[in-house]
Participant: 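Below is a structure I'd like to ask you about.
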Amino acid sequence: MSHHIIQANNLKYKYPDGRQALNGVAFRITHGESVGIVGANGAGKSTLLMHLAGVLFPDEGEIRIGDVPVTKKTLPLIRQRVGMVFQDPDDQLFMTTVYDDVAFGPRNYKLPEEEVEKRVISSLNTVGILHLKDRPPYKLSGGEKRAAAIATVLAMNPDILVMDEPTSSLDPKSRRRLIRLLQSFTHTKIIATHDLDMVFELCERTIVLKDGRVITDGPTEKILCDAELMEECGLELPLGLQGCPVCGTKKPI
Amino acid sequence: MSNPAESLYNIRILDEFADKKSIIHDVHPLMKVLTTGAYLLVTVSFSNYELSGMLPLIFYPVIIMTLADIPMVPVFKRVLLALPLIIGIGLFNPIYDKSPMLVLPWITISGGWVSFFAILIKGFLTILAALILIATTGMTRIASALRTIRIPGVFIIQLLLTYRYIAVLVEEAGRVVRAYSLRSAGEKGIKFRDWGSLTGHLLIRSIERAQRVYRSMCCRGFTGEYHTGREKGIGIGDILYFAGWSLSFVIIRYFNIPEMIGWVMMGVRR
Ligand SMILES: Nc1ncnc2c1ncn2[C@@H]1O[C@H](COP(=O)(O)OP(=O)(O)O)[C@@H](O)[C@H]1O
Ligand SMILES: [Mg+2]
């Protein structure tokens with residue numbers, strides 16, 4: 001299905017204060033791929049994701065989702081295809097109940113209320129928090145908030161899921177649950193994160209960003225095991241690949 | 001401040017009340033908006049010296065809160081937040097207007113004090129009515145009600161975003177103050193010289209946060225219209241609700257009920 005291809009050409013973006021956050025980023029992501037975008041703090045991951053969702057527009061270069069360039073005119077279409085989960089779920093949950101929050105997107109597309117309800121219930125079910133539907137979002141735990149934020153995006157039926165540090169601030173159990181959940185999705189997934197172990201489990205491909213540039217782009221095992229490269233980009237080997245801190249033996253890859 | 005969720009500053013509690021179920025909650029939002037409008041009009045139309053005539057106005061909020069099962073204390077507390085402002089408005093009346101107004105055997109009350117209390121009560125009642133409207137209807141439904149009477153969308157978005165923004169601002173303020181007090185070695189309050197940097201910091205943080213919230217709204221197809229899903233049509237009961245209250249307000253406005261009751265009592269005694 002060609003309309004799921006994401007193509008970025010020479011993206012450049014400068015924040016109003018003069019900081020060049022993206023400096024010629026290019027890649028092509030095909031349907032169903034799961035891609036980890038890794039890099040140190042300030043590498044430009046969040047900025048890049050905001051370009052994918054049409055929140056920011058590049059100064060130079062372009063981004064295409066299928067055959068549609070991301071521009072102000074095509075936004076309604078883009079936003080139906082690309083679902084973005086923000087880094088801080090508090091930014092994404094602003095209604096008074098979880099239900100209304102998840103319904104916000106579908107209602108904006110003027111779907112009939114029966115269809116809205118169907119989508120809300122099924123999204124909440126998918127992320128496993130249907131029982132929380134009448135709770136106010138700001139009273140949920142971190143993991144539940146994250147799940148709710150993901151549900152708000154799923155309710156839009158996107159083809160592409162874009163996530164900014166989905167496992168940050170989650171406890172190990174919630175993190176594990178989230179990873180399982182993401183594994184079950186068939187969407188094209190683009191995940192910006194420091195959580196290299198998650199990338200290892202979830203993404204077959206990794207793009208490494210540094211100072212607004214793509215340093216490498218390739219199969220995850222190859223990139224994340226390259227200690228030198230990781231060091232250079234302000235990252236380290238995934239814990240799962242590091243030697244055992246007690247006995248020093250390495251795990252076989 | 002140690003527990004922001006419980007504190008005075010948690011405005012969202014009003015939205016939570018709005019999700020309850022009661023006869024008042026069931027009334028069509030538009031009729032509640034109009035009724036509140038009528039109440040506000042009548043309340044502010046009292047002159048600042050008609051203290052006794054406006055007393056019956058308190059029945060409206062009390063009745064609504066009782067029927068809607070909304071606890072009075074948290075709502076009253078939030079009205080108190082605005083009280084300094086109202087006191088500020090009425091503060092100079094007792095100083096400028098010293099003409100005796102109410103001469104009782106043991107005390108003489110000047111017109112200034114009467115008008116001061118009148119302003120206080122008016123301010124209290126209007127804010128209370130507005131909060132009650134939010135607590136029984138919810139901001140999003142109020143917005144959609146306004147939309148049905150053809151208020152331009154721009155104003156409604158302004159209203160909604162401002163309302164959201166207040167919550168954001170207050171929450172950010174809570175965090176900033178907590179971070180400050182944790183490092184200020186047990187001192188009470190905030191030192192005057194730190195105010196500038198704190199408010200600046202707060203402003204930037206809340207603008208950034210509001211921007212992120214707005215972005216995430218846009219990402220889900222928000223284009224300026226707010227949809228609240230299913231809304232019933234206006235029924236005969238809704239219209240009666242509005243008509244009944246309006247009539248009561250008009251009666252309260254044109255007849256000084258406490259005074260009339262006074263006459264009746266005196267008449268009975270005589
Ligand atoms: N709103 C902003 N205004 C100015 N500079 C910003 C803004 N947001 C991010 N930056 C800068 O852009 C660079 C990339 O930031 P970001 O994309 O958030 O990095 P990451 O998500 O990889 O940590 C950083 O140097 C950051 O300081
Ligand atoms: Mg980031």
Participant: For A:Pro136, is it the side chain, the backbone, both, or neither that has a heavy atom closer than 4.5 Å to a heavy atom of chain B?
Facilitator: side chain
Participant: Examine whether an atom of A:Val55 lies under 4.5 Å from a heavy atom of chain B, and if so say whether it belongs to the side chain, the backbone or both; otherwise answer neither.
Facilitator: side chain
Participant: Quick one, B:Tyr60 and B:Trp245 - any side-chain contact, counting heavy atoms below 4.5 Å?
Facilitator: yes
Participant: So which part of A:Leu77 gets closer than 4.5 Å to some heavy atom of chain B, the side chain, the backbone, both or neither?
Facilitator: neither
Participant: Heavy-atom cut-off 4.5 Å, strictly under: side chain, backbone, both or neither for A:Asp90 against chain B?
Facilitator: both
Participant: Report the distance from atom CG of B:Leu133 to atom CG of B:Leu14, rounding to the nearest 0.5 Å.
Facilitator: 10.5 Å
Participant: Output every pair passing side chain to side chain donor-acceptor pair (under 3.5 Å) with a member in residues 119-129 of chain A, not counting sequence neighbours, ordered by first then second residue.
Facilitator: A:Glu115-A:Arg119
Participant: Under the side-chain contact (heavy atoms from CB on, under 4.5 Å) test, which residues partner B:Leu41, sequence neighbours left out?
Facilitator: none
